[in-house]
Undergrad: 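Have a look at this one before I ask anything.
Each residue takes its place number in the sequence, starting with 1.
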Amino acid sequence: MLAPKKMKFRKMHKMRIKGGSKGGTVLAFGSYGLVATESGYITARQIEAARIAMTRHIRRGGKVWIKVFPHKPVTKKAAETRMGSGKGAVDHYVAPVAAGLILYEMAEVSADIAARALTLAASKLPFKTRLLMRNTDVWEQARGSI
């Protein structure tokens, strides 16, 4: 499971995710990508589940880049605990995702395989996404065949 090795502070404020993504909106490594169209938080388990779904579909045939990392701790208090007595212990880690951020990139596979693999990955995520490709007219034909 993805988690940071070392942190300056164990617990963080929740914060709101407003507006679009400041960076990470252009394909940097691969030819195909999965872009978030909504803001939200993605857990380490969801990142891993989407990665497994993609790599199983492409059958280890291409390259996959994960562009998000869960560095934000989420705390949780035990069930049936009274109010007060401080903030709860760290339960899991999440990655804050702003609209427009590229979550995954893929290369060295055909357009139809990439479209299907990224669609499988998108079904594991908690917000709406869209597919992205460097050459858009070929991509639209591949998406229409699914």
Side-chain angles (χ1 to χ4, degrees), residues 1-136 139 142-143 146:
M1 207 57 56
L2 294 171
K5 288 181 186 168
K6 185 179 173 186
M7 296 187 69
K8 188 168 182 179
F9 300 106
R10 272 187 320 127
K11 300 172 184 179
M12 281 188 190
H13 293 292
K14 191 175 279 184
M15 302 296 177
R16 303 285 177 260
I17 304 168
K18 290 189 275 189
S21 179
K22 287 170 60 176
T25 57
V26 181
L27 288 172
F29 305 105
S31 304
Y32 315 102
L34 190 65
V35 184
T37 56
E38 296 177 342
S39 298
Y41 290 106
I42 180 172
T43 67
R45 288 174 179 265
Q46 291 165 340
I47 294 169
E48 186 66 10
R51 184 197 65 80
I52 289 169
M54 277 191 300
T55 53
R56 281 196 179 147
H57 186 74
I58 63 174
R59 297 195 182 113
R60 298 184 306 237
K63 289 186 178 180
V64 174
W65 288 271
I66 303 171
K67 301 280 295 288
V68 290
F69 185 81
H71 58 82
K72 189 178 192 65
V74 175
T75 59
K76 196 171 190 181
K77 291 186 115 175
E80 301 179 12
T81 306
R82 291 185 178 202
M83 291 284 107
S85 71
K87 195 171 172 78
V90 173
D91 185 50
H92 60 278
Y93 291 90
V94 297
V97 174
L101 182 72
I102 295 177
L103 305 170
Y104 298 96
E105 289 188 28
M106 190 179 293
E108 299 179 11
V109 291
S110 65
D112 55 337
I113 291 174
R116 182 70 183 133
L118 290 169
T119 306
L120 286 170
S123 68
K124 308 287 183 193
L125 302 179
F127 38 72
K128 291 180 184 175
T129 57
R130 67 180 176 85
L131 306 176
L132 185 68
M133 184 182 162
R134 290 187 193 277
N135 189 0
T136 52
W139 188 246
R143 285 184 62 199
I146 296 175

Undergrad: Take a 6.0 Å sphere around NZ of Lys63 and say whether it holds more than 12 heavy atoms from other residues, nucleotides or ligands.
TA: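 Check fails, neighbour count at 12 or below.
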Undergrad: Has Ser39 got a side-chain atom pairing as donor or acceptor with Ala99's backbone, closer than 3.5 angstrom?
TA: yes
Undergrad: Looking only at heavy atoms, which two atoms of Thr25 and Gly100 are closest? And how far apart?
TA: CG2-O, 3.2 Å
Undergrad: One thing to verify: whether Arg51 and Glu48 come together as a salt bridge, which I'm taking to mean a side-chain N less than 4.0 angstrom from a carboxylate O.
TA: yes
Undergrad: Decide yes or no for Pro96 and Met15: does some side-chain heavy atom of the first lie under 4.5 Å from some side-chain heavy atom of the second?
TA: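 They are not in side-chain contact.
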Undergrad: With a 4.5 Å cut-off on side-chain heavy atoms, are Ser31 and Glu108 touching?
TA: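 Contact flag for Glu108/Ser31 side chains = no.
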Undergrad: Give the minimum heavy-atom separation between Gly40 and Ile17, together with the two atoms involved.
TA: O-CD1, 3.2 Å
Undergrad: Please answer whether the main-chain N or O of Phe127 pairs with a side-chain N or O of Glu38 as donor and acceptor at a distance below 3.5 Å.
TA: no
Undergrad: Do Tyr104 side-chain atoms and Ile47 backbone N/O form a donor-acceptor pair below 3.5 Å?
TA: yes
Undergrad: Are side-chain heavy atoms of Pro70 and Met1 found at a separation under 4.5 Å?
TA: no
Undergrad: Around Lys87, counting heavy atoms of other residues, nucleotides and ligands shown, do more than 12 lie under 6.0 Å from its NZ?
TA: yes
Undergrad: When you compare the side chain of Pro4 with that of Phe69, does any pair of heavy atoms fall below 4.5 Å?
TA: yes
Undergrad: Identify the heavy atoms of Gly23 and Leu101 that sit nearest to each other, and give their distance.
TA: O-CD1, 3.5 Å
Undergrad: In Å and rounded to the nearest 0.5 Å, what is the CG to OG1 distance from Asp91 to Thr75?
TA: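 Output value for this atom pair is 8.5 Å.
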Undergrad: Does Leu27 reach the side chain of Glu105, with side-chain heavy atoms less than 4.5 Å apart?
TA: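 When only atoms from C-beta onward are counted, Glu105 and Leu27 do touch, with a gap below 4.5 Å.
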Undergrad: Determine whether Val74 and Val90 make a side-chain contact, defined as any pair of heavy atoms from C-beta on separated by less than 4.5 Å.
TA: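 Counting from C-beta outward, Val74 and Val90 never come under 4.5 Å.
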Undergrad: So which heavy atom on Ala117 is nearest to which on Met54, and how close?
TA: O-CG, 3.5 Å
Undergrad: Using a 6.0 Å cut-off, check whether atom NZ of Lys76 has over 12 heavy atoms from anything other than its own residue.
TA: no
Undergrad: Is there a donor-acceptor contact under 3.5 Å from the side chain of Arg116 to the main chain of Ile58?
TA: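 Pair absent, no side-chain N/O of Arg116 close to backbone of Ile58.
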Undergrad: If every non-hydrogen atom of Lys77 is compared with every non-hydrogen atom of Gly86, which pair is closest and at what distance?
TA: NZ-O, 3.0 Å
Undergrad: In Å and rounded to the nearest 0.5 Å, what is the CG to CG distance from Leu120 to Leu34?
TA: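 Atom-to-atom, Leu120:CG and Leu34:CG are 11.0 Å apart.
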Undergrad: Roughly how far, to the nearest 0.5 Å, is CD1 of Ile102 from CH2 of Trp65?
TA: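 Separation between the atoms: 12.0 Å.
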Undergrad: Please check if atom NZ in Lys72 has more than 12 non-hydrogen atoms from other residues, nucleotides or ligands closer than 6.0 Å.
TA: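 Above 12, so yes.
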Undergrad: Using only atom types and a distance under 3.5 Å, with no angle test, would you say the side chain of Lys124 pairs donor to acceptor with the backbone of Arg45?
TA: no
Undergrad: Is the closest side-chain heavy-atom distance between Phe29 and Lys67 below 4.5 Å?
TA: yes
Undergrad: CE of Met106 to CD1 of Ile113: how many Å apart, nearest 0.5 Å?
TA: 10.0 Å
Undergrad: Which heavy atom in Gly62 sits nearest to a heavy atom in Val109, and how many Å separate them?
TA: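 Scanning both residues completely, I find the closest heavy atoms to be CA-CG1, 3.7 Å.
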Undergrad: Using modelled atom types only, decide if a donor and an acceptor are shared between the side chain of Thr37 and the backbone of Arg130 within a distance under 3.5 Å.
TA: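 No; zero donor-acceptor contacts below 3.5 Å.
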